[in-house]
Amino acid sequence: MALTSHDPASQTWLLRTPASAYALRWDGSSVRSVHWGPPLTLEQAATIPVRPDRDDERTGEEFPVRGGHRFGPPSLDVVYPDGTAAVEWHLAGQLLDGGRLTVALADRHYPLRADLHYVVREGTDVIERWTEITNTGPDPVEVRRADSAAWTVPWRDAYRLTSVSGAWAAEFQLQRTPLPVGETTLTTRRGIARGQGNPWVMVDTGDATETSGEVWSTVLAWSGPFRFDVRRTHGGHVHVAASGAHEGVTIRLAPGETWRTPSSLGLYRADGFGATSRSWHAYARAHVLQHADEVAPVLYNGWEGTWFDVNEENQKAVATIAAGLGVELFVMDDGWFGRRVDDHAGLGDWWPNPDRFPDGLGPLIEHVHGLGMKFGIWVEPEMVNPDSDLYRRHPDWVLHMHHRHRSEQRNQLVLNFARPDVAAWAYAWLDDLLSSNAIDFVKWDMNRSFTEAGWPTADDPDRLWAGHTRAVYDILDRLRATHPHVRVESCASGGGRVDLGILARTDQVWTSDNTDPVDRIAIQHGYSQVYPAIAMGSWASDSPNPITHRAAPLAMRFHVASAGALGVSGNLREWDAGALDEARSLVDAYKRVRKIVQHGELHRLANGTTTVVEYVSADRREAVVLAWRPSMAWATPQPPVRLAGLDPDVEYELVGTAETYSGAVLMGHGLDLALPPGPDASRMIHVRGQ
Ligand code: DGJ
């Protein structure tokens with residue numbers, strides 16, 4: 001079966017994936033969406049009439065422009081030098097090559113071209129799209145908006161919108177609402193997503209569940225500003241326009257220049273939110289993450305242990321305790337450089353603080369390696385404290401505007417990475433840090449939003465928005481090429497920069513600064529809608545929790561963190577022998593099942609009083625069930641939980657017990673979780689085929 005095909009008679013193109021089909025058509029003046037849903041052949045798709053326009057409005061376009069009877073958000077908004085701001089296309093060409101389709105459009109009169117790119121890959125239902133806008137004329141063209149893609153959701157009786165919102169320490173809160181007629185915008189103007197949102201939306205028919213129902217999801221593989229316009233008309237048209245910019249960002253496209261948008265990816269599943277998530281996870285592991293075949297090490301991160309108070313002696317002491325727990329990677333967090341003793345100074349001065357590390361980082365790294373662990377280090381390259389040597393030397397390197405305050409957040413300003421000299425400086429010191437020290441892991445943090453986002457010396461200052469993100473990508477790509485053994489964690493005050501763009505050049509993310517296991521259940525639930533467990537950094541930390549002040553048993557803290565890439569934090573020097581022993585055995589237990597968690601398929605089995613997630617190995621021979629019940633009213637029914645994804649004919653043992661059950665029983669009847677009574681009950685159950 002060809003991944004892409006074309007029917008010249010009807011001018012229809014078809015993209016085929018294992019469980020879906022996506023068809024589009026040139027109708028003589030624009031490219032129209034024909035079908036996005038269950039599988040169809042090209043011959044079948046060619047028979048589908050394009051949906052008629054309603055209310056005198058042209059809808060259902062793959063890339064709506066301004067002009068004509070179009071009243072929705074334009075995916076392309078350009079102003080030609082003579083002031084004309086409407087576009088009229090002719091079909092300038094097409095290219096089909098395996099899983100690639102490019103439809104080339106050119107303005108009928110003005111020298112402008114738009115190439116709509118589509119990519120489908122074997123074995124995935126995800127369709128990747130992006131657009132390239134080229135100025136083929138001699139004068140600049142003002143581009144006010146250029147979306148990655150507009151996705152038309154087919155005609156159904158009802159629609160519901162799912163996305164995540166949040167805040168610092170409360171990222172990935174799932175919100176699901178009926179989709180109103182009108183335009184619903186999900187956007188960030190902060191330069192990056194931060195905790196307030198994440199670049200994806202899902203539309204379903206209002207009745208989808210974890211295991212059933214049609215779901216159309218679209219994401220942006222992009223870590224910069226974003227905007228999703230979800231439009232529903234009274235006449236029943238729904239489309240999602242995905243843009244890697246917020247409103248009001250204008251680019252002057254130079255003669256001969258091509259502007260490439262970030263990629264937007266779309267996925268249709270007929271079988272619910274669970275299958276949707278599994279498809280995204282599989283896609284991320286196969287086509288985004290570069291080391292998804294590895295297992296993420298158990299790390300210790302000192303942030304919740306020593307905070308800014310790091311020095312050679314205390315880090316060595318903590319590392320020794322961490323190694324005793326079975327930790328494999330020791331990460332030193334903030335506070336090791338410049339005059340950084342709190343958050344008032346030092347960002348930008350990336351050399352070891354001589355009072356804290358008189359002999360540099362070498363002795364600590366040797367100590368950590370000597371304990372059999374890898375060594376990781378925290379950096380925040382995009383930031384500068386005004387109280388730093390760097391800022392005193394280069395006050396013009398930050399985002400700023402003439403005659404305006406430079407608004408600080410956490411006493412820091414944002415370096416303008418769109419400036420080639422600033423990006424070159426950042427690459428140089430990072431490369432030097434990694435070349436002169438045996439560093440195995442970098443935690444790249446980013447702790448504030450853009451404000452006064454100006455670039456006074458630039459002709460085209462709005463380029464800083466996309467330029468900043470592209471420079472971060474470029475630096476990470478080059479560092480990974482030069483230091484291929486180094487693994488990278490993306491952090492932005494927790495889960496503020498989690499997307500398929502950053503995951504293409506990092507290995508895991510710091511999901512949230514909130515390590516309270518109860519809060520974390522909701523955060524992980526939202527994270528898991530699109531992103532895979534292998535990249536979900538989760539720490540078991542101190543109790544009471546430093547942010548929420550809630551106390552929780554050690555087992556609960558570890559069991560919740562075991563749903564991703566397990567880490568440990570907290571002040572280990574104050575953990576008593578009993579806690580350290582228990583932690584060691586919980587780390588051990590995680591290591592025995594982590595391949596299933598990190599490489600397996602996620603089934604969210606329950607999300608009520610008790611939350612239950614299950615990871616199933618690719619060969620269906622093993623599964624891990626994690627169950628968490630923070631609190632429960634007395635006498636609340638606790639029915640058996642029906643597992644998923646197993647082989648009904650295989651007999652499975654519950655490892656560590658004498659119990660065995662067939663897959664048919666575990667899936668058809670269910671498993672009694674036998675959670676201990678009382679609050680904060682949790683269990684990890686390893687299910688293994690015999
Ligand atoms: C914010 C991060 O989310 C934390 O984990 C920690 O690295 C601090 N920054 C350090 O300043």
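What you see below is based on every heavy atom in this structure, not just the backbone, and it leaves out hydrogens, waters and symmetry mates. Just so you know, ligand 1 is whichever comes first in the structure, and atom 1 is the first atom listed for that ligand.
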### Query
Under 6.0 Å between the ring centres of Y615 and H599?
no
### Message
Exactly one of N353, D387, N385 should register a side-chain hydrogen bond (donor to acceptor under 3.5 Å, both in side chains) with R340. Which one does?
### Response
N385
### Task
For this output row, return yes or no: ring centroids of W465 and F226 closer than 6.0 angstrom.
no
### Flag side-chain contact, heavy atom, 4.5 Å: W168 against I547
yes
As a test of reading the model: which N/O atoms of the protein lie under 3.5 Å from N/O atoms of ligand 1, and at what distance?
{"unit_1": "ligand 1", "atom_1": "3 (O)", "unit_2": "G494", "atom_2": "N", "d": "2.9"}
{"unit_1": "ligand 1", "atom_1": "3 (O)", "unit_2": "D513", "atom_2": "OD1", "d": "2.5"}
{"unit_1": "ligand 1", "atom_1": "3 (O)", "unit_2": "D513", "atom_2": "OD2", "d": "3.1"}
{"unit_1": "ligand 1", "atom_1": "5 (O)", "unit_2": "K443", "atom_2": "NZ", "d": "2.7"}
{"unit_1": "ligand 1", "atom_1": "5 (O)", "unit_2": "W510", "atom_2": "NE1", "d": "3.4"}
{"unit_1": "ligand 1", "atom_1": "5 (O)", "unit_2": "D513", "atom_2": "OD1", "d": "3.2"}
{"unit_1": "ligand 1", "atom_1": "7 (O)", "unit_2": "D333", "atom_2": "OD1", "d": "2.6"}
{"unit_1": "ligand 1", "atom_1": "7 (O)", "unit_2": "D333", "atom_2": "OD2", "d": "3.2"}
{"unit_1": "ligand 1", "atom_1": "7 (O)", "unit_2": "W378", "atom_2": "NE1", "d": "3.0"}
{"unit_1": "ligand 1", "atom_1": "7 (O)", "unit_2": "K443", "atom_2": "NZ", "d": "3.0"}
{"unit_1": "ligand 1", "atom_1": "7 (O)", "unit_2": "D445", "atom_2": "OD2", "d": "3.3"}
{"unit_1": "ligand 1", "atom_1": "9 (N)", "unit_2": "D445", "atom_2": "OD2", "d": "2.7"}
{"unit_1": "ligand 1", "atom_1": "9 (N)", "unit_2": "N447", "atom_2": "ND2", "d": "3.4"}
{"unit_1": "ligand 1", "atom_1": "11 (O)", "unit_2": "D334", "atom_2": "OD2", "d": "2.6"}
{"unit_1": "ligand 1", "atom_1": "11 (O)", "unit_2": "R410", "atom_2": "NH1", "d": "2.9"}
{"unit_1": "ligand 1", "atom_1": "11 (O)", "unit_2": "R410", "atom_2": "NH2", "d": "2.9"}

### Query
Is a side-chain donor-acceptor pair under 3.5 Å present for H369 with D440?
yes
### Task
Tell me yes or no: between the side chains of Q412 and E380, is some donor less than 3.5 Å from an acceptor?
yes
